[in-house]
Amino acid sequence: MSCHDALNPSADATYHKDFCQALLDSLPEGMFVHSDGVILYANDIAARIVGAQDRKELIHQPLTSFFPPDTWKRTLESIVSDSGPKGNG
């Protein structure tokens with residue numbers, strides 16, 4: 001099960017959810033977990049980066065809400081290119 005699946009509210013996997021949240025919270029960088037560009041989870045560092053008082057403010061918000069409009073295309077292209085299995089070439 002992926003962290004995305006575990007953090008999805010429809011998933012029935014409390015252990016995996018807790019594990020994934022602990023992993024994301026321990027990272028020294030801001031991290032978002034999203035589905036189709038809508039934030040499912042964000043760590044505290046991500047919240048600070050975008051100026052939120054609490055990471056819960058980010059849940060269910062579109063990623064594009066936190067980036068200037070002139071960067072949306074580049075941001076979304078980066079997300080798409082980074083999501084999915086990497087090839088050998």
Side-chain angles (χ1 to χ4, degrees):
M1 174 177 291
S2 70
C3 281
H4 173 272
D5 292 337
L7 293 169
N8 187 328
S10 65
D12 186 22
T14 303
Y15 170 79
H16 291 288
K17 178 181 177 183
D18 292 345
F19 173 80
C20 289
Q21 287 180 346
L23 176 64
L24 293 171
D25 290 344
S26 71
L27 296 173
E29 296 181 3
M31 299 296 291
F32 296 100
V33 175
H34 73 94
S35 179
D36 296 325
V38 176
I39 299 170
L40 300 175
Y41 187 81
N43 65 9
D44 287 332
I45 296 172
R48 280 196 302 264
I49 288 170
V50 300
Q53 295 294 317
D54 188 300
R55 63 181 168 194
K56 293 177 185 172
E57 295 174 36
L58 308 179
I59 306 305
H60 304 298
Q61 299 297 319
L63 280 170
T64 53
S65 297
F66 303 101
F67 300 96
D70 62 330
T71 67
W72 288 355
K73 184 175 189 259
R74 187 178 65 228
T75 300
L76 294 174
E77 286 171 351
S78 173
I79 291 167
V80 169
S81 69
D82 289 342
S83 63
K86 302 287 185 202
N88 289 337

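Positions are given from 1, in the same order as the sequence printed here. Hydrogens, waters and symmetry mates play no part in the numbers below; they use all other heavy atoms, side chains included.
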ask   = Does V50 belong to the same Ile/Leu/Val/Met/Phe/Trp/Tyr cluster as I59, with side-chain heavy atoms less than 4.5 Å apart forming each link?
value = yes

ask   = Do I49 and F32 sit in the same hydrophobic cluster, where Ile, Leu, Val, Met, Phe, Trp and Tyr count as joined when their side-chain heavy atoms come under 4.5 Å apart?
value = yes

key: Under the side chain to side chain contact (heavy atoms under 4.5 Å, CB included) test, residues paired with P69 that sit two or more places apart   = W72

Write down the atom of [X], the atom of [Y], and the distance for their closest heavy-atom approach.
X: S26; Y: L23; answer: OG-O, 2.8 Å
X: I45; Y: E29; answer: CG2-C, 3.8 Å
X: D54; Y: K56; answer: OD1-N, 2.7 Å
X: I39; Y: L63; answer: CG1-CD2, 3.6 Å
X: A52; Y: L58; answer: CB-CD2, 3.9 Å

request  = Keeping the roles fixed (side chain from Q21, backbone from D18), state whether a donor-acceptor pair exists under 3.5 Å.
outcome  = no

key: Criterion side-chain contact (heavy atoms from CB on, under 4.5 Å) on R55 and Y41, from CA distance to verdict   = CA-CA 8 Å; R55 63 181 168 194; Y41 187 81; 3.1 Å; yes

